[in-house]
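Following: one structure in structure tokens, then a few remarks.
Quick note: numbers below take in every heavy atom, side chains included, and nothing from hydrogens, waters or symmetry partners.
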Amino acid sequence: MPAIADIQPEPVHQWLPMEKGLLLVAGPCSVESRDQLTETIQGLAATGKKIIVRAGIWKPRSRPGQFEGAGAKALPWLDQIRKSTGLPMAVEVARPKHVELCLKHNIELIWLGARTTVNPFMVQEIANAIQGTGLPVMIKNPVSPDFRLWMGAIERIVMAGTNKIIAVHRGFHTHLKSVYRNIPLWNIPLQLSKEIPGLPVICDPSHIAGDKTLIRQVAIQAMALKMNGLMIETHHQPEKALTDPLQQITPTLFNQLIDEINTMKEMDADENTLQTIRLHIDEHDYQLLELLAKRFALSVEVGKLKKKLGKSVVQPTRQEDLFRDREEKAKTLGLNISFVNKLMQLLHNESVVVQHKNK
Ligand code: PEP
Ligand code: MN
């Protein structure tokens, strides 16, 4: 097994076009038809940005019976688009047969999706299929927040003889509730960057956000964390997309977002920090609101139980204990005690109202 230090990624700017130091990957979640592909990629090419096209032609769907991508017949379409736009093509692979077909059609990069990285047997099969070809690979994080699985997939690909590798952070599926489709857990991709110096790590805000209105804030956060690029799902008519319609954006919106990011990069360092801090504050506010929702859901349960037990809603001893306990906790956290007392009083009052309503 190679030591981690054996992984020496080839500097990405030496083998891929970059847009002002950023690796930009854009294109449809899935290829649906030749027209959809052409319209979308022409829209991206018209931006003049240096883009790597992403095209899902074999889609791993959680449930059977859903659209699974155009399949192998889309490979000649990609060939044609490459010729007319000059943009490199990337395709998701999950089977050795997919790799074979991509090699036959001169696809420049392949990527492993989150549902593939999660399975070492599948990753090894793909690694065997690329053995000795040097085919560049993007490796998405596994669905679950398992750092070793992600690392293991990268090691297997490197052992197959390619050092043209890119890690893609697409967020994680956990039991934690989040406004996002996949919770980012930013420390995991940051740890990867630390453990494999020189590894390009890009962010996929589309699959993290799961909603087009949240893509911007995830992308900006990724840039603030100095990630090396972005993979963003784009569709000429997102609302009509056969897969992931909520999270795809038009080439025009993609272009605006990249322009905004480029402007931010030129911004004063303090302005940049201010933006980042605001994003953190937004995230914490969402978490606070989610916690409040959970707390009041418990008030409902407590209210019902008190009724069953014939107890009154307000229990003075419990109330006193609770206030004293929270004051102690506030002290250890260095919070303003009078503020915390007021907050607890508000929470308590609302909890009483909720309990009465649900009695
Ligand atoms: C995709 O890129 O369309 C995709 C299926 O993503 P993930 O593997 O991250 O779920
Ligand atoms: Mn998708």
Side-chain angles (χ1 to χ4, degrees), residues 62 143-145 169-190 203 205-222 224-225 244-247 271-359:
S62 300
V143 175
S144 49
H169 168 231
R170 48 79 77 200
F172 302 90
H173 187 78
T174 73
H175 68 288
L176 298 170
K177 247 180 102 64
S178 161
V179 280
Y180 301 128
R181 175 180 176 189
N182 290 296
I183 194 161
L185 304 178
W186 295 101
N187 56 318
I188 298 183
L190 293 180
C203 177
S206 311
H207 286 89
I208 291 177
D211 187 302
K212 58 180 175 299
T213 61
L214 299 173
I215 289 176
R216 179 179 167 274
Q217 71 185 64
V218 177
I220 292 174
Q221 171 80 75
L225 294 171
D244 288 345
L246 300 180
Q247 70 190 33
E271 277 286 346
N272 239 317
T273 312
L274 180 65
Q275 286 278 8
T276 312
I277 295 174
R278 282 183 174 153
L279 275 165
H280 283 302
I281 290 178
D282 292 349
E283 239 176 69
H284 291 321
D285 279 353
Y286 286 139
Q287 285 168 355
L288 274 174
L289 293 173
E290 278 164 15
L291 282 175
L292 281 179
K294 279 188 199 157
R295 194 184 195 280
F296 289 122
L298 291 176
S299 300
V300 173
E301 273 181 51
V302 162
K304 286 183 183 153
L305 272 173
K306 281 181 186 160
K307 183 179 179 194
K308 199 169 157 195
L309 295 167
K311 295 192 179 198
S312 67
V313 164
V314 180
Q315 303 272 316
T317 340
R318 158 75 179 153
Q319 192 185 336
E320 273 165 34
D321 289 349
L322 186 145
F323 275 64
R324 201 175 321 108
D325 175 78
R326 305 309 187 257
E327 193 173 307
E328 283 307 311
K329 180 73 185 165
K331 271 185 206 152
T332 64
L333 291 170
L335 292 167
N336 176 335
I337 305 295
S338 93
F339 162 75
V340 172
N341 281 335
K342 276 186 230 154
L343 182 64
M344 290 313 302
Q345 190 62 57
L346 271 175
L347 282 176
H348 177 75
N349 293 349
E350 179 65 11
S351 179
V352 169
V353 172
V354 169
Q355 290 182 53
H356 272 298
K357 250 196 231 157
N358 290 282
K359 261 187 98 174

Practice task
Would you give the length of the straight line joining atom NZ of K304 to atom CD of E301, rounded to the nearest 0.5 angstrom?
Solution key: 7.5 Å
Problem - Partner set under side-chain hydrogen bond (donor to acceptor under 3.5 Å, both in side chains) for S178, not counting sequence neighbours - result: none
Handout entry: Check: V218 and C203 side chains under 4.5 Å, non-hydrogen atoms
Key = yes
Exercise for the section: Starting at CD of Q355, measure out to CD of E350 and round the result to the nearest 0.5 Å. Expected result: 11.0 Å
Handout entry: All pairs passing salt bridge (charged side-chain N to carboxylate O under 4.0 Å, His left out) where residues 176-186 contributes a residue, at least two apart
Key = R181-D244
Problem - Pairing residues for R326 by the salt bridge (Lys or Arg N to Asp or Glu O under 4.0 Å) criterion, not counting sequence neighbours - result: none
Handout entry: Spacing of E327 atom CD and S338 atom OG [to the nearest 0.5 Å]
Key = 10.0 Å
Practice task
Taking all heavy atoms of V179 and all of L214, pick out the closest pair and write down the distance.
Solution key: O-CD1, 3.6 Å
Practice task
Count the heavy atoms of every other residue, nucleotide or ligand shown that sit under 6.0 Å from CZ of R278, and state whether that count exceeds 12.
Solution key: no
Handout entry: side chain to side chain contact (heavy atoms under 4.5 Å, CB included) between R295 and L298, worked out
Key = CA-CA 5 Å; R295 194 184 195 280; L298 291 176; 5.7 Å; no
Practice task
Might you point out which heavy atoms bring L322 and M344 nearest each other, and give the distance in Å?
Solution key: CD2-CE, 3.6 Å
Handout entry: With sequence neighbours excluded, residues passing side chain to side chain contact (heavy atoms under 4.5 Å, CB included) with I277
Key = T273, I281
Handout entry: Over all atoms of both residues, closest heavy-atom pair of I208 and G171
Key = CG1-N, 3.5 Å
Handout entry: Side-chain heavy-atom pair R216, I220 within 4.5 angstrom cut-off
Key = yes
Problem - NZ on K294 to CD on E290, rounded to 0.5 Å - result: 7.0 Å
Exercise for the section: Please list, chain by chain and in numerical order, all residues satisfying side-chain hydrogen bond (donor to acceptor under 3.5 Å, both in side chains) with Q345, sequence neighbours excluded. Expected result: N349
Exercise for the section: Applying side-chain hydrogen bond (donor to acceptor under 3.5 Å, both in side chains), name anything that partners D325, two or more places apart in sequence or on another chain. Expected result: none
Handout entry: salt bridge (Lys or Arg N to Asp or Glu O under 4.0 Å) partners for D321, two or more places apart
Key = R324
Problem - Gap separating the CG atom of L292 from the CG atom of L347, nearest 0.5 angstrom - result: 6.0 Å
Handout entry: salt bridge (charged side-chain N to carboxylate O under 4.0 Å, His left out) pairs, two or more places apart, involving residues 329-346
Key = E328-K331
Exercise for the section: Identify the heavy atoms of Q247 and G210 that sit nearest to each other, and give their distance. Expected result: OE1-CA, 3.3 Å
Fill in the blank from the handout: Interatomic distance, OH@Y180 vs CG@L185, rounded to 0.5 Å, equals 12.0 Å
Fill in the blank from the handout: For P145 and I188, the nearest pair of non-hydrogen atoms, with its separation, is CB-CD1, 3.8 Å
Practice task
Name all residues meeting the side chain to side chain contact (heavy atoms under 4.5 Å, CB included) criterion together with L288; count only those two or more places apart in sequence or in a different chain, and write none if there are none.
Solution key: D285
Handout entry: Set of side chain to side chain contact (heavy atoms under 4.5 Å, CB included) partners for A224, sequence neighbours left out
Key = T276
Exercise for the section: Indicate yes or no for a side-chain donor-acceptor contact from H169 to the backbone of P184 under 3.5 Å, with no hydrogens or angles considered. Expected result: yes
Practice task
Please name all residues satisfying side-chain hydrogen bond (donor to acceptor under 3.5 Å, both in side chains) with T317, sequence neighbours left out, ordered by chain then number.
Solution key: none
Handout entry: Residues which pass side chain to side chain contact (heavy atoms under 4.5 Å, CB included) with V352, listed by chain and number, not counting sequence neighbours
Key = V313, V314, H348, H356
